[in-house]
Amino acid sequence: MWDVYEPFIKTKRQKKLFRLSEQLAVKIHKRASETDRKGTFSSENLEDLKESNYVALSLPKELGGEGLSLYEFVLLQEKLAEGDGSVALSIGWHLGIIMEIRDESLWEDSAFEWLCSEVANHKKTINRAATEPATGSPTRGGIPETKAVKSAIDYTINGRKSFTTMADVLDYFLVSAYIEESDEIAWFLIDKAQPGVSVDHTWNTLGMRGTGSDDLVLTDVQVDPSRLVERKSDKQRIPVPKGWLLHIPACYLGIAIAARNEAIEFAKNYQPNSLQTTISEVHHVREKIGQMDLELLNARHFMYAIAEKWDRYPEERIKLGPELASVKTIATNAANKVVDLAMRIVGGRGLLKSSNFERYYRDVRAGLHNPPMDDAVIETLARRALNDQ
């Protein structure tokens, strides 16, 4: 079978990194069905990610990592998602947030160096906790209902965060909260072991069940002022597009590649007694295979081209917001089409709960609900075309 990754692996370093992701993909694929059934993030998968040092790849080289570029990040995440999309999406948030802090210098140097030490030396994991039931996706601009009240010595934080990926196994939460005294939104680094931190196991979804995206509950959590690591102030900072969010389309394209590969193997080996050949020789099956690869070529070349542009021309990043958002829309819709075509090739067997296709079909649909949403992307493109302010 033609290797869909070969055109995008351009250097020895990329090949070495890709091999690590490839090895992990094989391991996590074996547990994918069980993880999906349980609806939690697998501790065995987490151990593999830590032992292989995958959790540290996006750290700067001088602080114990590999200083992943966006192109490399996308390449590795796409392959990892071929093994299990829920694992890739989950660890993608951890790696991507580190990249964001690294590249945008969001934290004080001492705080970031401490975090890097925790990840490099102790394999700690982190994720943002931003989404809330009342505000929806933070990309829509809602003010957190989670409140941080300042006292003479610390902050007291109360609130609930939904869709907190890997909530049960994370070491640190980067929590957004509203500070009424200063009328601002801030981000606090909270240790999962702190009193008042708990997880409400609410995650029971159709797809991406293995992300374990439960609710984080904060009840009178006392936080030292030194753990206020970010302040959101639109007046002080020009918003920079989030290139690292390409891990989302990479993940769903990885799921589509898994479905594509298995559908092709099925077509090459399945011969009903009504035919003299395998179904790979049947015209409408070949047409579907060609359509799958056409969708993947279109979405993947666009994604990798934008990732490469991000890496090569840092001064142009401020202009890449519409392109980054468009990659997500094109890729997730293409991934859904590819999985649907794969299911049509396999037929009714793909609906069996014992089938990987059934899981791919459910998981890939989750991409349509990850930010940015299609309507927001289309409006962004329209504003740019019309030169709206």
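What you see below is based on every heavy atom in this structure, not just the backbone, and it leaves out hydrogens, waters and symmetry mates. Nothing fancy with the numbering, it's 1 onward along the sequence. What you see is a predicted model, and the numbers here were worked out from it, not measured in a lab.
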Are the charged groups of Glu100 and Arg128 less than 4.0 angstrom apart, N to O?
yes
So, are Glu72 and Arg13 salt-bridged, with charged N and O less than 4.0 Å apart?
yes
Ionic contact status for Glu308 with Lys10, cut-off 4.0 Å:
yes
Under a side-chain separation threshold of 4.5 Å, the hydrophobic residues clustered together with Val149 are none
Glu265 bridged to Lys268 by N-O distance under 4.0 Å
yes
Would Asp36 and Arg362 pass as an ion pair if we require N to O under 4.0 Å?
yes
Parallel, tilted or perpendicular, judged at 30° and 60°: which one describes the rings of Phe266 and Tyr270?
parallel
Considering only NZ, NE, NH1 and NH2 on the basic side and carboxylate oxygens on the acidic side, decide whether Lys30 and Asp84 come within less than 4.0 Å.
no
Can you tell me if Asp109 has over 12 outside heavy atoms packed within less than 6.0 Å of its CG?
no
Would Lys319 and Glu316 pass as an ion pair if we require N to O under 4.0 Å?
yes
Quick one: which residue pairs count as a ring-ring contact (aromatic ring centres under 6.0 Å, His included) with a foot in residues 75-115, not counting sequence neighbours?
Trp93-Trp244, Trp93-His247, Trp114-Tyr172
Electrostatic pair Lys232-Glu184, nearest N-O below 4.0 angstrom:
no
